[in-house]
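Okay, so here's the structure we're looking at.
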Protein chains: 2
Amino acid sequence: MTRPQRSDAARNRAAVLAAADELFATAAAPARVSMDDVAAGAGVGKGTLFRAFGSRAGLIQALWALRTEPLRRAIESGPPPLGPGTDPSQRVAAILDAILVVKLDNRHLTLALEERSGSASLYEQPQYQLVHRLLSDLLRDVGRGKESELLAHLLLAAVRADLLDHLAGSRGSSRRQLRAGVAALVDLVLNGSSG
Amino acid sequence: MTRPQRSDAARNRAAVLAAADELFATAAAPARVSMDDVAAGAGVGKGTLFRAFGSRAGLIQALWALRTEPLRRAIESGPPPLGPGTDPSQRVAAILDAILVVKLDNRHLTLALEERSGSASLYEQPQYQLVHRLLSDLLRDVGRGKESELLAHLLLAAVRADLLDHLAGSRGSSRRQLRAGVAALVDLVLNGSSG
DNA sequence: TTCAGATACGGACTAATGGTCCGGTTATCT
DNA sequence: AGATAACCGGACCATTAGTCCGTATCTGAA
């Protein structure tokens, strides 16, 4: 039984999320946003911050969950091509493209999210596992039997934050090029067509 | 003109490399090998360590360079299928497979190597760029024109340390399965054949 | 409205760690 | 042997995630 949260706690939680969002969007690099910065930006003590989110990783994941809420809903229960009831091939392509776009729109946050903190890697994060499972299932439906799990990992590896950051940043790939490239890879994996 | 290194410096450098090698192989996680540990293990002061290698990343890269020396030579000037003069498709497959094997044989070191330290990502490391360029060129020879650079990144993303660690570690994939999976991916990218 | 106690606040404090500094030591060359 | 440049080592510094606990605040009941 979790009793309702106290109002000041809720207010502070919101303030922290807003401040962190702002800081990650602004900062030169996500690693340069310290928890002290976030606390100061939110006008809150550090203890409060850690009480609310547990750890740096917890804060980042909460923020990410907030940012990806619409996408998650669209995938879980929205209309095609993202939602259920879509042709599996098209759904895989749509989901990967949507993930790519979200990541490009939140570069620093995504980088922070995928930075391994302590011993926890990207692959242990519940969200990753959810998407991976979904893609695996879809790939299986498409006829890739035992390979589907590995292929799902490989598709997701193609949209990893640091790779995108490298391509978009220091190598100047446009969003259009990236989407086309990922689409081509998906096509290759799904249909085996050579482009 | 760099004058010859003093003998004690050379000795210490070797001791540090040996100690670091041992520690990374033994430790539970690469992040848990601190520079103090390495210095203590080598029976050397911290200043010496940093003088010799510049930074933690420098030490790790030096160690990696040592470990991959044979592979590098085989690729640069060895016999087929790794060396020059091989059919490009086969060479891509051979190189990726060799990289995979080296990474599996040095899991912790590879994890440490690919951990982003500060603002420097994997993609800025000279070794990555060398391999990437080589693969790009080979892919171009095989007929993948403008896509070759992106495809090379994607192939290399498939053998990233943390992914391999996840697959081999907490999910129990065997080396054989991993090699087969990567080989299948390469085949897909090269020939567009569907498995 | 008041009050009691559970809940949350906040910022000083801790621990861990990468990296720096410089007085003292040692190899090397003549 | 002696002069000198290179090197050593470990105390020291700065940064940062995370903890602790005395104090302030909210909330529900009387």
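FYI, side chains are in, hydrogens and waters are out, and symmetry mates aren't considered; it's all heavy atoms of this structure. Lettering of chains follows the sequences in order, A, B, ..., and the numbering in each one begins at 1. What you see is a predicted model, and the numbers here were worked out from it, not measured in a lab.
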| field | Close residues, residues 8-29 of chain A, relative to DNA chain C [heavy-atom separation under 4.0 Å] | value |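 Nucleic-acid contacts, sorted: A:Asp8, A:Ala9, A:Asn12.
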
| task | Go through residues 36-66 of chain B and report each residue with a non-hydrogen atom lying under 4.0 Å from DNA chain C, sorted by number. | result |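 Close to the strand are B:Lys46, B:Gly47, B:Phe50, B:Ser55, B:Arg56.
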
Side chains of [X] and [Y] in contact at under 4.5 Å (non-hydrogen atoms):
X	Y	result
B:Arg116	B:Leu122	no
A:Asp97	A:Arg179	yes
B:Val189	B:Leu154	no
B:Gln127	B:Thr68	no
B:His132	B:Tyr123	no
B:Phe50	B:Met35	yes

| said: What is the separation between atom CZ on A:Arg6 and atom C1' on D:dC26, rounded to the nearest whole Å? | reply: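 Those two atoms, CZ and C1', are 4 Å apart.
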
| query | Does one side chain, of B:Arg144 or B:Ser148, offer a donor that lies under 3.5 Å from an acceptor on the other? | reply |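 Their side chains do not contain a donor-acceptor pair, so the 3.5 Å distance test is not met.
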
| Please walk me through it: do B:Lys103 and B:Asp165 pass salt bridge (Lys or Arg N to Asp or Glu O under 4.0 Å)? | CA-CA 9 Å; B:Lys103 289 193 174 188; B:Asp165 191 57; over 6 Å; no

| field | Flag if over 12 foreign heavy atoms under 6.0 Å of CZ, A:Arg175 | value |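 Enclosed: over 12 neighbouring heavy atoms sit under 6.0 Å from CZ of A:Arg175.
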
| First of B:Ala31 and B:Ser7 reached from the 5' end of DNA chain C, by closest nucleotide |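 Checking each residue's closest nucleotide, the 5'-ward one belongs to B:Ala31.
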
| message | With rounding to the nearest 0.5 angstrom, report the CD to OG distance, A:Glu149 to B:Ser173. | response |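 So the gap between those two atoms works out to 8.5 Å.
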
What are the atom names and distances for every N/O pair under 3.5 Å that joins the protein to nucleotides 28-30 of chain D?
none

